[in-house]
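Working notes for the structure below.
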Protein chains: 2
Amino acid sequence: MATLPKREAFPVERARRYLEPGPIVLVSSRWSGHDNIMTLGWHTVMEFSPSLIGCMIAGGNHSFEMIRRSGECVLNVPTTRLTDAVVKIGNTSGADLDKFAECGLTRGTMHGVSAPSIEECHASFACRLHDDGWVDKYNFFVFEIVDARVAPSPDLPETLHYTGDGVFTLSGKAISRKRWFRPEML
Amino acid sequence: MATLPKREAFPVERARRYLEPGPIVLVSSRWSGHDNIMTLGWHTVMEFSPSLIGCMIAGGNHSFEMIRRSGECVLNVPTTRLTDAVVKIGNTSGADLDKFAECGLTRGTMHGVSAPSIEECHASFACRLHDDGWVDKYNFFVFEIVDARVAPSPDLPETLHYTGDGVFTLSGKAISRKRWFRPEML
């Protein structure tokens, strides 16, 4: 991997800036001395403060029990530099290989969780399990984001958005319509 | 508004193609002879079949009680042609004005719901309330998509993705990595 992005502390209540646009995220977890990573496109912001995010984590994933048992994970937002890693992570199982080593990814530490962040990503959000009431029913986890680290540059990263069938759309240009927003809507 | 897109029936279990990338959607609803529209960026795919989608609909929205009481809505995916309408819809209340008339939008009909679709949008997904167990707790609605209509062209539309602060990122080019996917992952 090339140079790591320089990342800084970021307010957890502003996580929507990077998660609401709907990018593929890399979910890193740690349990019983073992680290793993999975890809995830089925997530939604649920609240600003506490900073809540809902994630569908299918039971067939090796990460499922690791996250349920540890009660934590890190949501990392990759850019298109990491496309190859995203595809490899999404098409292999942590039961068979060490995805950090296989993809040449760098572990980092976050406040509030033991799970490692992925330092090559534009942003990382440390999550603690907030509500497991729908894990059995839907595989739906509600996490609270307790720490965030984000690269301040570029302002908005080029992210991957999954459409199924092996096809991603990339985030393109940004447009502001702030002048047309009511102040209380911003 | 310009010419309406020609839309066709689409398999509901493939809704992820348009919703998983995380676009802003326009949620149209009907209750007690009144129609309304709201913007929504906090949603996630939850299952292929039945085709489930989870949506956070804040209680302050005029649409909240309309959707809860009617038990249905339509999720419409606008393209950048509709940017002005998206901003207006997100910054006004259906308690004060008729958003269809105000934005010059065209009502359509969908199977399985009374709520109107928005014919100017690239895709529309008719939703029936599947699980209201977390409406009181989180304002989280689980809908089943029971009908879908999508414009076959363009293949992937230019959608709006909200980052907060009045700024949207637009979906850009598409890339396929299908050849690197395990068949069972497609």
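Note on naming: letters A, B, ... go to the chains in the order of the sequence lines (proteins, then strands), and numbering restarts at 1 for each one.
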Find the one option among B/G166, B/P23, B/G90 whose heavy-atom pairs under 4.5 Å with chain A are most numerous. B/G166
Looking only at heavy atoms and a cut-off of under 4.5 Å, which of B/E184, B/R177, B/E47 has the most pairs with chain A? B/R177
Check whether A/T80 gets within reach of chain B through its side chain, its backbone, both or neither, counting any heavy atom under 4.5 Å. neither
Given the options B/N139, B/L170, B/L160, which has more heavy-atom pairs under 4.5 Å with chain A than any of the others? B/L170
Would you mind telling me which of A/K88, A/R14, A/M46, A/M56 has the largest number of heavy-atom pairs within less than 4.5 Å of chain B? A/M46
Check the angle between the aromatic planes of A/F181 and B/F168 and answer parallel, tilted or perpendicular using the 30° and 60° thresholds. tilted
So which residue, A/N91, A/L186, A/T44, ends up with the most heavy-atom pairs under 4.5 Å with chain B? A/N91
Greatest number of non-hydrogen atom pairs under 4.5 angstrom with chain A, of B/D131, B/T169, B/T159, B/L19, falls to B/D131
Tell me, side chain or backbone of A/V86 under 4.5 Å from chain B's heavy atoms, or both, or neither? neither
Count the heavy-atom pairs under 4.5 Å between each of B/H161, B/K178, B/E20 and chain A, then report the option with the highest count. B/E20
Max heavy-atom pairs within cutoff under 4.5 Å with chain A, candidates B/R179, B/M185, B/K173, goes to B/K173
Let's go through B/W134 and A/Y138 carefully: what are the C-alpha distance in whole Å and the side-chain angles of both, what is the deciding distance for side chain to side chain contact (heavy atoms under 4.5 Å, CB included) to 0.1 Å, and is it a yes or a no? CA-CA 12 Å; B/W134 271 8; A/Y138 288 115; over 6 Å; no
